[in-house]
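Notes follow once the structure below has been shown.
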Amino acid sequence: MIYQLLVPGPVEDVEEVRILEWHGGPGSAFAPGDLVVELETHKALIEVRAGRASTLRAILCKEGAWQRIGAPLAVFSDAADEPVPDNAAELAELAVSFEVV
Amino acid sequence: MTLPDPALLRSMMLIRAFEASLMARKDHGFQLLSSGQEAVSVGLCAALEPDDQLLCSGRSIGPALARRLDPNRVLAELLGKEAGYCSGRGGRGHMAAPARGFFGAHAVVGGNLTVAAGVALRLQGEGRSSLVACMFGDGACGSGALHETLNIAAIWRLPLLLVCDNNQYSVSTPRAAALAPARLSDLAAPFGIRGMTVDGMDVQAVRDAAQALAATVRAGGGPAFLECLSYGFTAHSTSSRESRPRDEVAAARDRCPIRGYTEVLMRSGVVDRTQVAEMTREIDIVVAAANRFADDAAFPSPADVLLNVG
Amino acid sequence: MSAEPDATTKLFFREAIVRALGEEMRRDEGLVLMGQDIGAFGGPYREFDGLHARFGSGRVRDMPVAEGAMVGVGAGYAAAGGRALVSITYMDFLMLALDPLVNYAAKLRYKTGGQLHAPLVVKTTAGAKGQGVAHSQCIEAWMMGVPGLKVVAPSTPADAYGLLKSALREDGPVLYIDHKRLFPMAGHVPVSESCVPLGVARVERAGGDVTLVGHSWMMVPVLAAADRLETEGISCEVIDLRTLAPLDTAALCASAGRTGALVTVEEGQLTCGVGAEIAFRVHEAVPGIRAARVGAAPAPVSSNPVLEAAVVPDADRIVAAVCRLLRGKP
């Protein structure tokens, strides 16, 4: 199955974040609890961790780019070789856990 | 101990004669006088170097003259004339001549303390051995500004000499009714700041203490606090009612710092009666000249009221 | 390194401040920053992030919680030939420092006949955000009538950057006001080093029916109100004051002269407020101007969220005020 990773929320006062660092690239496999990406808010960092075993297939927002809460950041899949559709908008949301630090 | 110095006497006599001539004028306006308290300003200024800066309260005539400002321009400033140091805008409450080491007066009680710490921070950053001296009355010792200044000066080891001219009254309120500490210099102790209390009617005692404390400040030892026990010969200001007991004022006049120091100098043979008379005559000439200078000087033009506002 | 003249980069509000401070610290070695929590901690809103590491504890100085001394020491340091920026965490605490700011720094040049002046910026943060009666106030109107004191209050990261840089090049004291609710904001800031001149308002949006004037955080509800009024067929010209003292009276009169109607919006009190001053100045220059003011209810700003919202203006109240002014009914 194919998923999209969204900017998690809600985070108090935050509407928009800046992508600080991806902890992997297309093809990287994540186990539940692995750190996927760090996002920067006006005063803190959001650590986003994988909620299920999955493979990162495509990064939609590069480091330094901005994205709003709830908007897509990347595409993931269960199996590393599943075909990824062109239109990510209809995809299911990847389960994640996140922590504001 | 240093030797008796006729220059100290002359400086005190100048302040006394200058203020007497000011009070003889109908146009003297609102003033705070230093008569009776001359020894504090003069003793302190004897410990200052040209590159040091002196700040004071609104009781500025004694400090300004002791810092050797030009009496002509001091009087012009007091009377609001354009030829004054502040172009007549500051008056006695805000007299300033920073180029001559007199950063200036500020007429809010305690208001110059934190400013003085800021000036000291600037001097410290320039890496010179200069210091900042700040004079204030006992009234300022009840203000939070003193606590804040002592704290910051101590933690930053600022080159700041705090000098309390304790004339025993905050306008009408006696010191005992306004301030809890036994000695006001005790206020410095909790901050690890050296404090001394001396007889502020004894110019040599003030000078010696100020020199000793200034030496430690210049050496990088951080701030120091000098309390000088003084007494004003006139009420708080030219418009205040006299509220102090008559016998107390009379007793203070008996301890006149000028008469006392004249006797010290004569006893030790440094000056004789003729020399004191000559000094008096010379000062009268200086004071008369200051009055002529101020009389001849113009008031600012009302059209210039917005000058230097922003 | 050069950039296209109009190139911008997106920054958080706090980053625009850090950038302005860093550039001015590099440009003027006499500039010292002082205040509570601005050292290694980086400031209450991280708006001093990294400056302590770059410039050291001699130039980025943490101070005891003593606002009077912060501004007094800053004023003295500035008057003695330096330049200081003093951070007062919340504007409510500025009351503890009014003596050195108003009695000393603002008057220094005048009272010394030009011998001394105090290049001092007092930076503070205003506004309601759940922190109660003594941590929420907007008292900028108190400061607008102090001769010798300039007052600026940006509403965007670009203006925060440009106004702060201009303030740090002034000869006299400037009160620079942020707002708590602006800090989560990001916006585009020029890539090239630049200043926003003091005393110049910005026409944020052109319109023909009514002039809406605001500053600081209030620009957000003002612009939201203008959007809604547009859908009701009312075209708003929106002006961001940016500088409160000196006021850009010419820009206000020009706009109100075109639209014939003026609504001022402020988060502070209406009595002797920013809007009262603007409305009268415009009235003097544009006879017959219709004017209305929107501001705080005459009550303290509680930490209680229901009561806080009841005091502070929002887009609904702005829309209602405009409709009442133009149509005689909400």
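Letters A, B, ... mirror the listed sequences (proteins, then strands); counts begin at 1. Only this structure's heavy atoms are used, side chains among them; waters, hydrogens and symmetry mates stay out.
- Note on Gln53(B), Glu77(B), Arg122(B): by heavy-atom pairs under 4.5 Å with chain C, the leading option is Arg122(B).
- Of all the listed residues (Asp171(C), Asn103(C), Val71(C)), the one sharing the greatest number of non-hydrogen pairs under 4.5 Å with chain B is Asn103(C).
- Within 6.0 Å of the CZ atom in Arg218(B), the count of heavy atoms belonging to other residues, nucleotides or ligands exceeds 12.
- With a 4.5 Å cut-off on non-hydrogen atoms, Ala78(C) does not touch chain B at all.
- Other residues, nucleotides and ligands place more than 12 heavy atoms under 6.0 Å from the CD atom of Glu126(B).
- Contact annotation for Leu121(B): both backbone and side-chain heavy atoms come within less than 4.5 Å of a heavy atom of chain C.
- The closest side-chain donor-acceptor pair between Ser170(B) and Thr173(B), if any, does not fall under 3.5 angstrom.
- If you check the side chains of Asn291(B) and Arg25(B), you find a donor sitting under 3.5 Å from an acceptor.
- If you measure heavy-atom distances from Pro147(C) to chain B, the contacts under 4.5 Å come from both the backbone and the side chain.
- Counting heavy atoms from C-beta on, the side chains of Lys150(C) and Thr243(C) never come closer than 4.5 Å.
- When heavy atoms are compared at a cutoff of 4.5 Å, Ala153(B) does not approach chain C at all.
- Electrostatic pairing of Glu170(C) and Lys165(C) does not count as a salt bridge here, judged by no charged N lying under 4.0 Å from a carboxylate O.
- Both the backbone and the side chain of Val119(B) come within contact range of chain C, judged by heavy atoms closer than 4.5 Å.
- A donor-acceptor contact under 3.5 angstrom links the side chains of Arg19(C) and Tyr161(C), judged on distance only.
- Heavy atoms closer than 4.5 Å to chain C are found nowhere in Ala145(B), neither backbone nor side chain.
- Remark: side-chain polar atoms of Asp92(C) are paired, donor with acceptor, to backbone N or O of His135(C) under 3.5 angstrom.
- Only one option out of Arg59(C), Arg83(C), Arg54(C) pairs with Met25(C) in a side-chain contact (heavy atoms from CB on, under 4.5 Å); it is Arg59(C).
- Most heavy-atom pairs under 4.5 Å with chain B, from the set Gly172(C), Ala79(C), Pro100(C): that is Ala79(C).
- The residue among Gln124(B), His94(B), Met95(B), His147(B) with the most heavy atom pairs within less than 4.5 Å of chain C is His94(B).
- No part of Met70(C) comes within reach of chain B, as not one of its non-hydrogen atoms sits under 4.5 angstrom from that chain.
- Your options are Gly90(B), Pro98(B), Gly144(B), and the one with the most heavy-atom pairs under 4.5 Å with chain C is Pro98(B).
- Proximity to chain C (any heavy atom under 4.5 Å) is shown, for Leu123(B), by neither the backbone nor the side chain.
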